[in-house]
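See below for the structure under consideration.
Fair warning: this is a prediction, and the values are worked out from it, not measured in the lab. Proteins come first, then strands; the chains are lettered A, B, ... in the order of their sequence lines, and each starts at number 1.
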Number of protein chains: 2
Amino acid sequence: MNFSTSEENYIKAIYHLQHSTELVTTNELAAELQTKAASVTDMLKKLKAKKILNYEPYQGFTLSEEGRKVALGIVRKHRLWEYFLVQNLGFGWDEVHEIAEELEHINSPILIEKLDAYLSFPKFDPHGDPIPDINGKMEVTKQINLIDLELNREAEVSAVGSQSTELLELLRHKNIGIGTVLEVIRKFSFDNSIEIRIKNFPPFSISQQLAQTLFVNPVYGSTIVGSIS
Amino acid sequence: MNFSTSEENYIKAIYHLQHSTELVTTNELAAELQTKAASVTDMLKKLKAKKILNYEPYQGFTLSEEGRKVALGIVRKHRLWEYFLVQNLGFGWDEVHEIAEELEHINSPILIEKLDAYLSFPKFDPHGDPIPDINGKMEVTKQINLIDLELNREAEVSAVGSQSTELLELLRHKNIGIGTVLEVIRKFSFDNSIEIRIKNFPPFSISQQLAQTLFVNPVYGSTIVGSIS
DNA sequence: ATTAAAATTTAGACAAATCTAAATATTTTT
DNA sequence: AAAAATATTTAGATTTGTCTAAATTTTAAT
Ligand SMILES: [Mn+2]
Ligand SMILES: [Mn+2]
Ligand SMILES: [Mn+2]
Ligand SMILES: [Mn+2]
């Protein structure tokens, strides 16, 4: 089965929304795609007819098994192209999302397999998100939100929770990227800001909003103040 | 000004048709795009309104100066992507046209400039066609049609006149590609077939139809039987 | 349990791109 | 120069994707 660019954008958006809330609602999807609820309803009917969706009027919806496979295929294309743009063409990680948003709709399975091989089968995109393989399988990372990282525990930034230009611009300014090793020095309850230190740099503080979009992997064996042995 | 995929396909097709006949006609364009004359007329009005076309009803049409620039931009994208697909991803030169037909519509000037640099600014695509630079300038080759090549004059295949799968499949079977050095041994007036020899291989003959789609550059200083000095 | 608010769907309209069939203009043949 | 053939345009319909406004359903509040 083939899908239009518009259908693909809906399918991918539903896939992403399902990660937070199991059952997706019409308004959520309309907000995500910056369109109107009525347009969403129209597309829901269409996708249900194509057996991509489990959907009953007024009851919310989820992707069918088939729909999930389609979504993973689009995510795979998106993230492989992003990897190519950053690693090969020299784009910054904050410049590639819009372009990948177009490239993900190029329809050529053989192209994607050759691209994947050319890139040596990368497992993560420039934002730390896992790239599904041709069967839809991808690495699961046991990453945690920076908010939940214990004090004085070194951790490596593994992913960011949004691709907005504004966020990526801020991260660039603060010299935080995928792979950055940092630790949390203090947490301030007044505004939930936290003070962090990047390895070999002076500490500085970041807002709660920023901390919430950062995901990290604690570095194995790093010093935990007060821990025994 | 921005253009839809459909508008871009029309603009590029008109550009290509103008190479053979200065003034393009509605039916020619309809045949080229495999659509109906009525659809073409609709689009002609639209493109004229956007000042892309010189067009008066019933009188044929040509691209305006602006239209030519737009066309060259699309051709540039198409050929750069083809070059990438063959040189970097390992596609055969007969497999890339359809994919480039999609990729040429990705809208990101910076992407194309970075791709061009990544490929080291190639001057010709895998079919021997010149790649316009960012200003629309491209190398002009003094290539001639194989039909017009004098006997026993070595020449290098520089371009093919069509990207049809059928043609490229036949060329592959006969081991003819861009860069192949060959000479014409005999011409048969019965069916206008010609006998050629690829360097270091036994001679064989090709049909008139095939010879007409091949363009060659005579090799400088090659032996011309019967020529003086 | 009603009422009010919010979410969702339906109805009807619109723009883009296409098509078929009919009308009109141009070119070619007699 | 008229008739026939061909090319092109117009008229009206269709599909896809979108929108606004109205109707309906669900959820939350009194
Ligand atoms: Mn997209
Ligand atoms: Mn990404
Ligand atoms: Mn195209
Ligand atoms: Mn080409």
field: is_close_aromatic(B:Phe84, A:Phe84), centroid dist under 6.0 Å
entry: yes
message: Counting primed atoms plus P, OP1 and OP2 as sugar-phosphate and everything else as base, spell out the protein contacts along nucleotides 5-12 of chain D at 4.0 Å heavy-atom distance: B, S or - for each nucleotide, 5' to 3'.
response: --SBBB--
- prompt: Does B:Lys36 make a side-chain N or O approach to OP1 or OP2 of C:dT20 shorter than 4.0 Å?
  reply: yes
query: Hey, does the side chain of A:Asp133 reach the backbone of A:Gly136 with a donor-acceptor pair shorter than 3.5 angstrom?
result: yes
message: Rounded to whole Å, how long is the line connecting atom CE of A:Met43 with atom C1' of C:dT8?
response: 17 Å
task: For B:Lys48 and B:Tyr55, indicate whether the former's side chain and the latter's backbone hold a donor-acceptor pair under 3.5 Å.
output: yes
- prompt: Cut-off 3.5 Å, side chains only: do B:His173 and B:Glu169 have a donor facing an acceptor?
  reply: no
query: Does the distance from a Lys or Arg side-chain N to an Asp or Glu carboxylate O, for A:Lys50 and A:Glu66, drop under 4.0 Å?
result: no
message: Keeping A:Asn135 on the side-chain end and A:Lys137 on the backbone end, is there a donor-acceptor pair under 3.5 Å?
response: no
task: For A:Leu29 and D:dT18, give me the distance from atom CG to atom P, rounded to whole Å.
output: 11 Å
query: Is the shortest side-chain N/O distance from A:Ser6 to OP1 or OP2 of D:dT16 below 4.0 Å?
result: no
